[in-house]
Amino acid sequence: MELSGGEILFKCLEAEGVDYIFGYPGGAVLHIYDALYQQEAVKHILVRHEQGATHAADGYSRSTGKPGVCLVTSGPGATNAVTGLATAYTDSIPLVVITGQVPQAMIGTDAFQECDIIGISRPCVKHNFLVDSLENLATTIKKAFHIATTGRPGPVVIDIPKNLTDPKVKVPFHYPSEIEMRSYKPATAGIMGDVRRAVDLLLSAKKPMIYAGGGVILGESSTQLTALSRELGYPVTNTLMGLGCYPASDEQFVGMLGMHGTYESNMAMHECDVLLAVGARFDDRVTGQIDTFCPYARVIHIDVDPSNIAKNFPVEVPIVGNTAHVLDDMLAVLSETNRRPDSDALAQWWDQIKSWQSVDSYNYDRNSKLIKPQFVVEKYCELTKGEAYVTSDVGQHQMFAAQFYRFDHPRRWINSGGLGTMGFGLPAAMGVRFAHPDAEIACVTGEGSVQMCIQELSTCKQYDVAFNILNLNNGYLGMVRQWQEFTYESRYSNSYVDALPDFTKLVEAYGHVGMVIDKPGDVEGALREAIALKDRLCFLDFRIDTEENVYPMIEQGKGHHQMRLNPRRSEFV
Amino acid sequence: MRHIISLLIENESGALSRVAGLYSARGYNIESLTVAPTDDPSLSRMTIVTFGSDTVVEQIAKQTDKLIDVVRLVTYTESPHVERELMMVKLRAVGAQREEAHRLVSIFRAKIVDVTDSTYVVEVTGDSGKIDAFLAAVPSEQIIEVVRSGVVGIARGETALKV
Ligand SMILES: Cc1ncc(C[n+]2csc(CCOP(=O)(O)OP(=O)(O)O)c2C)c(N)n1
Ligand SMILES: [Mg+2]
């Protein structure tokens with residue numbers, strides 16, 4: 001079978017099981033769009049900005065575990081995709097982003113819409129390819145999917161010069177079912193000796209702690225993590241990226257850790273004597289001041305990426321391997337021994353943790369006459385029984401969503417944790433919708449963030465994409481304002497969002513449903529109404545308390561044991 | 001502390017920029033970097049001299065090894081190895097300077113590879129210390145130009161960096 005470059009591309013995507021691609025056309029990809037038009041296997045979603053395409057593909061991927069795929073043109077199309085690449089790269093999300101390039105003969109001549117996307121994207125992709133010949137196109141695509149989805153996942157760019165997709169030039173097509181790369185062989189199993197040492201150390205703990213991150217979700221190992229934690233009876237904390245990898249409603253769950261995590265999880269981190277870190281990377285937002293981090297702990301670290309180990313913090317038992325594989329091995333070792341944790345020590349440890357829990361560090365003023373953002377998320381969680389897919393943007397609303405929505409399953413909480421990209425939430429929710437046509441989905445956002453990719457409301461209209469947008473509108477770039485309140489004596493430099501649009505009119509103009517909610521008593525009704533309106537996108541503009549802060553907080557330079565608690569907490573009932 | 005990282009990388013366009021980009025993005029030091037194809041034309045051999053504490057260099061090695069195009073990587077710091085660098089230095093050579101240059105060339109087992117009535121080009125091979133010593137031995141006003149290849153290294157004995 002002889003095929004053109006464009007035809008080859010879609011045959012390959014079909015072979016990879018790709019059902020949706022998110023994209024935007026332009027000169028360098030016109031041949032590809034013509035080939036797209038003449039096939040049916042892959043459905044194309046026309047976004048309104050290439051950043052939206054990358055975030056939508058990203059949301060699709062995070063909610064399914066499958067790679068997200070984008071198609072954009074050369075030059076500005078490609079540069080618009082860079083923020084989405086960096087977002088996916090920081091959170092290790094598998095994307096395959098196809099960019100058009102000017103014809104090979106024109107590369108390096110400053111041709112119209114030429115830009116070196118290979119150079120520009122290099123530091124924010126797992127790998128990238130400039131396709132050099134039509135004969136190599138299919139294998140390059142195979143390699144791209146292989147690299148994006150294995151080991152520590154990440155985005156891969158395939159830059160295709162326009163002449164290689166010329167419909168008149170055809171070559172025989174063959175798509176390899178497997179690919180071997182001598183330069184890329186990600187680890188799978190950990191070393192058994194280390195696994196045994198890890199189990200040994202875990203069993204010797206008196207104050208154990210399990211710290212699980214996004215790697216548990218990416219490694220599809222939530223079941224194993226849950227089984228191991230339950231077998232041991234140890235407390236589990238999750239990072240912002242790990243939420244949902246251990247059921248939040250389980251009593252061994254002590255909440256998120258880090259900057260805005262619970263008091264009990266951070267105190268327990270500080271006091272623990274053995275720490276099991278799984279698929280987590282000791283990020284600075286998690287560790288706080290690194291020299292005071294886990295001062296008494298002997299650390300076991302499981303990660304598929306060897307460079308994550310001992311990067312920020314020394315480790316006693318490093319295990320490089322696929323988290324599911326390693327945890328399975330640990331469970332097997334545990335089942336072969338009749339040694340079990342010291343139950344007296346563990347009971348004491350839990351007593352200690354319960355006393356920290358009694359501080360109730362997330363508590364807020366439930367009697368306020370103003371809508372509290374925590375209340376909105378809490379209500380939404382209650383009404384959706386913790387089963388919704390929740391995307392978010394970046395700011396206070398993101399932290400409230402992470403604190404108050406209790407995720408019992410992996411892949412339900414979708415946020416830009418590593419890069420902190422405002423504008424992520426709306427297009428990400430769009431991507432989740434294509435993957436889960438019947439699920440309840442909300443984007444918890446702020447009036448600042450949502451305006452960064454608001455144009456995607458138009459895409460949502462075109463494809464009848466329905467979900468709920470919970471806009472926690474405080475009229476401030478709230479997270480910035482909070483830092484200015486705490487560290488710059490309330491000099492609110494440019495953190496006030498003046499001249500906000502009338503969001504209801506705006507979303508109505510895009511063809512959706514808008515509501516304003518300004519009284520606590522109306523919150524539940526509005527949420528119920530929006531949840532019931534299954535086939536419409538509802539934008540709920542909650543006018544919340546403008547100066548609410550996110551508590552508790554580890555401030556810059558402080559350790560886990562030095563959390564700043566809500567100063568008004570004694571007044572709350 | 002100084003470390004030598006030696007690696008085999010797919011001989012593809014952009015391979016060098018991936019390594020160089022990684023070092024600048026992560027703020028790693030590069031004292032020298034050499035690269036050339038090997039006996040297998042699909043592979044290039046790269047030698048990087050870097051410095052930092054053991055933990056820093058361990059990170060550098062891991063991050064470099066993580067690049068998709070890197071096939072094999074070793075750090076020579078601890079293990080027995082041979083390292084060499086080549087330098088060509090253009091010296092002012094008039095009158096007594098000519099005699100003095102000859103003396104140094106013979107002491108350092110160097111070679112004179114170009115001669116004019118006023119200059120010599122001297123080729124010196126050795127580890128970096130020997131090359132530094134040669135330069136230190138020549139009066140600075142006599143040195144017109146210096147070009148150094150950067151270090152290449154290889155393990156002693158049976159150990160080999162091969163695919
Ligand atoms: C693209 C981008 N620009 C700037 C920032 C810095 N930043 C972090 S939070 C924040 C404020 C977000 O405001 P809003 O969306 O209204 O959320 P709030 O904190 O008020 O809930 C800003 C500007 C960012 N994270 N991303
Ligand atoms: Mg705001």
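All chains are named by letter (A, B, ...) in the order of the sequence lines, taking the proteins before the strands, and each is independently numbered beginning at 1.
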Handout entry: Working for side chain to side chain contact (heavy atoms under 4.5 Å, CB included), residues A:M241 and A:D283
Key = CA-CA 11 Å; A:M241 292 307 297; A:D283 172 83; over 6 Å; no

Apply ring pair (Phe, Tyr, Trp, His ring centres under 6.0 Å) to A:F282 and A:H301, showing your working. CA-CA 10 Å; A:F282 299 79; A:H301 188 187; 5.0 Å; yes

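Electrostatic pairing of B:R148 and B:E85 counts as a salt bridge here, judged by a charged N lying under 4.0 Å from a carboxylate O. Between A:D194 and A:R197, at least one side-chain nitrogen of the basic residue sits less than 4.0 Å from a carboxylate oxygen of the acidic one, meeting the salt-bridge criterion. Ion pairing of A:R281 with A:D303 is absent here, as no side-chain N (NZ or NE/NH1/NH2) approaches a carboxylate O to less than 4.0 Å.
Taking the six-membered ring for Trp and thresholds of 30 and 60 degrees, B:Y120 and B:H102 have ring planes more than 60 degrees apart, a perpendicular arrangement.
With A:S61 contributing its side chain and A:K66 its backbone, the two residues share a donor-acceptor pair below 3.5 Å. One N or O on the side chain of B:Q59 and one on the backbone of A:S307 form a donor-acceptor pair closer than 3.5 Å. Judged by distance alone, with hydrogens and angles left aside, the side-chain atoms of B:K62 form a donor-acceptor pair with the main-chain N or O of A:P306 at under 3.5 Å.
The stretch residues 37-54 of chain B places B:D40, B:S42, B:L43 near chain A, each with some heavy atom under 4.5 Å from a heavy atom of that chain. Along residues 176-185 of chain A, the residues that come nearer than 4.5 angstrom to chain B, judged on non-hydrogen atoms, are A:M181, A:R182, A:S183, A:Y184 in order of number. Near-neighbour residues of residues 125-140 of chain A relative to chain B, defined by a heavy atom under 4.5 Å from a heavy atom of that chain, comprise A:K126, A:H127, A:N128. Chain A is approached within less than 4.5 Å, heavy atom to heavy atom, by B:S17, B:R18, B:G21 from residues 13-36 of chain B, ordered by number.
In terms of heavy atoms, A:C115 sits closest to A:T79 at SG-CG2, 3.9 Å. Summarising the geometry of B:I131 relative to B:G126, their closest heavy-atom pair is CD1-O, 4.0 Å, with the distance given to 0.1 Å. The two residues A:G215 and A:S221 make their nearest non-hydrogen contact at O-OG, 4.5 Å. Shortest non-hydrogen contact noted between A:L95 and A:G84 is CD1-O, 4.3 Å. Taking each heavy atom of A:V315 and A:A310 in turn, the nearest pair found is CG2-N, 4.1 Å. Between A:I319 and A:G190 the shortest heavy-atom distance is CG2-CA, 3.8 Å.
Side-chain polar atoms of A:D159 and A:T99 form a donor-acceptor pair below 3.5 angstrom.
In this structure, CD in B:Q97 is found 8.5 Å from CG in B:L91, a value given to the nearest 0.5 Å.
For a residue to count as touching a neighbouring chain, one of its non-hydrogen atoms must lie under 4.5 Å from one of that chain's; by this rule B:V70 touches chain A with the backbone only.
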